[in-house]
Amino acid sequence: MDLKHIVVAEKIIENKKYEMLWIMNILRQHENMSESLKATWIKKAKRIKEKSDDLERERKKVIEQVQQVKNPKHSQVLMMKYVDRLMNHEIAEILCISTPKVKNLLTVALKEYERMYQDVK
C-alpha cells in the first residue's frame, strides 16, 4: 500500500465496518427472510470483513515501515501526516517550525520512505 493511501484505507475500513453493521441489522430485523437471501447477505458480510481485515493488515504494515525510517524526524512527520492525519499547519505548530519547512520535510521524508520500500509491495 502506498503511504499516501493509508488515510483512504482507514476511511474504507470504517465504511466497511458500518456496512457490516447495516447488514447484521437487516438480518435481525427480517427474521422471516428466506434462507437463500440470508446466505447471500452473510456471504456479503464475510467478504466485507475479509476486505476490511486485509486493509487493516496493510495499514499496520505501512505504519511499521514508517517507524523504521532511519531519520527520526522523517518518521515523526510521516506519522503525523499520514497516520494521525494532521494538516501541514498543525504539524508546523506541534514541531515549532514553519509550514513551508513541514512541506519540505515531508517531501524529503517521502523520498526516503520510497527509497527504502520501492521494491516492497
Side-chain angles (χ1 to χ4, degrees):
M1 178 182 293
D2 187 312
L3 180 58
K4 292 179 181 180
H5 294 109
I6 193 169
V7 174
V8 175
E10 289 176 347
K11 294 272 188 206
I12 292 170
I13 291 167
E14 202 174 292
N15 289 340
K16 295 291 182 189
K17 289 179 180 175
Y18 178 77
E19 195 174 337
M20 270 189 53
L21 289 173
W22 181 76
I23 289 170
M24 299 317 276
N25 282 334
I26 286 174
L27 291 173
R28 273 194 291 270
Q29 290 173 5
H30 302 284
E31 292 176 8
N32 58 349
M33 186 184 299
S34 73
E35 289 303 314
S36 64
L37 190 53
K38 274 185 187 177
T40 301
W41 281 108
I42 290 170
K43 190 184 282 187
K44 183 171 177 60
K46 285 180 182 177
R47 280 196 307 267
I48 290 169
K49 174 92 170 86
E50 288 170 8
K51 180 67 174 171
S52 179
D53 289 348
D54 289 345
L55 286 168
E56 187 63 33
R57 276 191 293 280
E58 284 293 315
R59 181 182 174 279
K60 286 178 182 177
K61 179 181 170 185
V62 169
I63 290 171
E64 287 173 10
Q65 290 174 339
V66 168
Q67 291 170 337
Q68 292 174 7
V69 169
K70 290 176 179 67
N71 184 321
K73 196 66 150 184
H74 292 172
S75 178
Q76 180 185 26
V77 77
L78 290 172
M79 290 292 285
M80 293 170 93
K81 180 71 175 183
Y82 297 107
V83 177
D84 300 333
R85 301 186 212 170
L86 297 177
M87 303 295 290
N88 288 2
H89 71 274
E90 294 171 314
I91 297 169
E93 276 185 42
I94 293 168
L95 298 179
C96 299
I97 59 176
S98 68
T99 303
K101 175 75 175 167
V102 168
K103 186 176 178 184
N104 182 48
L105 195 56
L106 279 166
T107 301
V108 173
L110 275 171
K111 285 180 183 175
E112 180 183 351
Y113 175 85
E114 288 167 356
R115 253 192 322 275
M116 288 176 68
Y117 298 105
Q118 64 187 355
D119 297 328
V120 179
K121 292 283 177 179

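This is a predicted model, so every value here is computed, not measured.
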Does any pair with a residue in residues 50-75 pass ring-ring contact (aromatic ring centres under 6.0 Å, His included), and if so which ones, sequence neighbours excluded?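 Checked against ring-ring contact (aromatic ring centres under 6.0 Å, His included) - neighbours excluded - no pair reaches residues 50-75.
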So, taking the atom named [atom1] in [X] and the one named [atom2] in [Y], what distance separates them when rounded to the nearest 0.5 Å?
{"X": "L55", "Y": "R59", "atom1": "CG", "atom2": "CZ", "result": "10.5 Å"}
{"X": "Q76", "Y": "L105", "atom1": "CD", "atom2": "CG", "result": "8.5 Å"}
{"X": "N88", "Y": "I97", "atom1": "CG", "atom2": "CD1", "result": "9.5 Å"}
{"X": "E50", "Y": "R47", "atom1": "CD", "atom2": "CZ", "result": "8.5 Å"}
{"X": "Y82", "Y": "L106", "atom1": "OH", "atom2": "CG", "result": "5.5 Å"}
{"X": "T40", "Y": "E35", "atom1": "OG1", "atom2": "CD", "result": "11.0 Å"}

May I have the step-by-step check of side chain to side chain contact (heavy atoms under 4.5 Å, CB included) for K81 and V102, ending in yes or no? CA-CA 10 Å; K81 180 71 175 183; V102 168; over 6 Å; no
Salt bridge (Lys or Arg N to Asp or Glu O under 4.0 Å) with R57: which residues, sequence neighbours excluded?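 By the salt bridge (Lys or Arg N to Asp or Glu O under 4.0 Å) rule, R57 matches D54.
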Under the rule for salt bridge (Lys or Arg N to Asp or Glu O under 4.0 Å), what residues qualify as partners of K49, not counting sequence neighbours?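 Per chain and number, K49 pairs via salt bridge (Lys or Arg N to Asp or Glu O under 4.0 Å) with D53.
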May I ask whether [X] and [Y] are part of the same hydrophobic cluster, defined by side-chain heavy atoms of I, L, V, M, F, W, Y residues being less than 4.5 angstrom apart, directly or through others?
{"X": "I23", "Y": "Y18", "value": "no"}
{"X": "M87", "Y": "I94", "value": "no"}
{"X": "V83", "Y": "M116", "value": "yes"}

Test side chain to side chain contact (heavy atoms under 4.5 Å, CB included) on T99 and K103; report intermediate values, then the result. CA-CA 6 Å; T99 303; K103 186 176 178 184; 5.9 Å; no
Using a 3.5 Å distance criterion without hydrogens, assess whether the side chain of D84 forms a donor-acceptor pair with backbone atoms of L86.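 A pair under 3.5 Å: no.
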Under the 3.5 angstrom rule, does the side chain of E112 hit a backbone N or O of V69 as a donor-acceptor pair?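 Side chain of E112 to backbone of V69: no pair is present.
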Tell me the closest heavy-atom pair linking S52 and K17, and the distance in Å.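 Nearest pair, atom of S52 first, then K17: OG-CE, 3.9 Å.
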Shortest non-hydrogen contact between Q68 and Y117, atoms and distance: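 Residues Q68 and Y117, closest heavy atoms: OE1-OH, 3.1 Å.
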For E64 and K61, run salt bridge (charged side-chain N to carboxylate O under 4.0 Å, His left out): C-alpha distance rounded to whole Å, both residues' side-chain angles, the deciding distance at 0.1 Å, then the answer. CA-CA 5 Å; E64 287 173 10; K61 179 181 170 185; over 6 Å; no
How about V77 and K73: do any of their side-chain heavy atoms sit closer than 4.5 Å?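 No, their side chains stay 4.5 Å or more apart.
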